[in-house]
> 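Handing you a structure now.
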Amino acid sequence: MKSTMRKSASIFAVAAVAGTVGSLAAAVPAQAATNCTFTNNTIAIQRTDGMMLVPTVAPGGKSVAGDAVLFSHQDGPFTEFDKRKGSASGSLPGNGAKFDIDYNGPIDFDGHNGSQHYIGFITTSGGGTGWIQGSNPQISFTVPDGQMSCSDQAAAGAEFYVLEDVRLFEKPDQGDTGKDLKKNDKVTLNGPCPIVSDGPDNGWCEVNDITLGLSGAVWGDAISK
């Protein structure tokens, strides 16, 4: 019946399976995009160590599937000696800034395991920023603007549904109202859902329950995307 639904918040994660797993640390953009799709058949993930990962993606869609190439540098021309070829899989979510790619490849140019886990955020300009999980020293990356096309489909006023009973709070993670929103209730959103930030509101949604006439914050996994 009742679900409080507290889980770790969704971030933008480019999972390119690579080596060690460590702590996560990166600056969250002031704004993150919602409802994004890829604009081309590849994206360029430019790393601060000078390398570049280019996975195959679905233009106009959300899926990541097929070949992926790790380049030793970011400016062409490139020779076959500048490339390490692997594969990628994953997808963009229905809504929000979370992003997942699993990349598997051979040993990279520095002799490290070719599988890497990238984590970051999609920006409102259709680019990205983040870091490679477990890299030491930490390797950050950027995705150039315009490689994803984003809209505010889940902005205030759009109608969605409650997927399962969930506790209502006055604000994200604050002020338990003692009331639950019920499965299949119709809601509108007061902003991005889920919220993406480096604060305690990360992963929450602020909603108006049209069915029950209630307003407040719920855990984002309980709301349709």
Side-chain angles (χ1 to χ4, degrees), residues 1-15 28-39 57-65 90-101 119-130 143 147-225:
M1 287 286 294
K2 181 170 67 177
S3 171
T4 304
M5 301 190 69
R6 298 290 303 279
K7 301 177 182 176
S8 58
S10 296
I11 328 179
F12 152 58
V14 176
V28 179
Q31 289 182 310
T34 62
N35 191 43
C36 300
T37 57
F38 296 112
T39 56
V57 299
K62 298 176 179 292
S63 64
V64 181
S91 67
L92 292 175
N95 173 51
K98 185 177 182 293
F99 183 97
D100 292 281
I101 296 178
I119 296 177
F121 295 88
I122 306 170
T123 65
T124 52
S125 55
T129 181
V143 177
Q147 299 208 15
M148 288 160 280
S149 177
C150 304
S151 68
D152 291 328
Q153 179 175 325
E159 292 185 354
F160 297 88
Y161 291 87
V162 177
L163 298 175
E164 61 179 287
D165 292 5
V166 63
R167 182 53 59 95
L168 181 69
F169 289 74
E170 294 177 2
K171 296 179 180 180
D173 208 21
Q174 298 180 44
D176 188 338
T177 66
K179 299 177 181 178
D180 294 338
L181 303 191
K182 301 298 182 180
K183 183 177 179 180
N184 296 325
D185 281 2
K186 183 181 292 186
V187 300
T188 59
L189 308 180
N190 293 323
C193 177
I195 297 167
V196 178
S197 78
D198 57 356
D201 57 350
N202 192 28
W204 290 77
C205 298
E206 294 184 313
V207 302
N208 301 310
D209 189 309
I210 300 171
T211 305
L212 299 178
L214 299 173
S215 296
V218 298
W219 186 242
D221 288 353
I223 305 301
S224 64
K225 307 295 190 293

> Would you compute the distance between atom CZ of Phe160 and atom CD1 of Ile210 and round it to the nearest 0.5 angstrom?
11.0 Å

> Going by heavy atoms in the side chains, are Val143 and Met148 under 4.5 Å from each other?
yes

> Below 4.5 Å, heavy atoms only, C-beta onward: do Leu163 and Ile223 meet side chain to side chain?
no

> Check side-chain contact (heavy atoms from CB on, under 4.5 Å) between Asp176 and all other residues, then give those that pass, not counting sequence neighbours.
Arg167, Phe169

> Between Gly220 and Cys205, which heavy-atom pair has the shortest distance, and what is it?
CA-SG, 3.5 Å

> Just so I know, are the side chains of Val207 and Leu181 near enough to count as touching, which here means a heavy-atom distance under 4.5 Å?
yes

> Do side-chain atoms of Thr211 reach the backbone of Lys186 as a donor and acceptor pair under 3.5 angstrom?
yes

> In a check of side chain to side chain contact (heavy atoms under 4.5 Å, CB included) between Val187 and each of Leu212, Leu214, Asp209, which one passes?
Asp209

> side-chain contact (heavy atoms from CB on, under 4.5 Å) with Thr177: which residues, sequence neighbours excluded?
Leu168, Glu170, Lys179

> Between Asp165 and Lys183 (side chain of the first, backbone of the second, donor and acceptor by atom type, cut-off under 3.5 Å), is there such a pair?
yes

> For Ala58 versus Phe38, what's the shortest heavy-atom pair and its separation?
O-CB, 3.5 Å

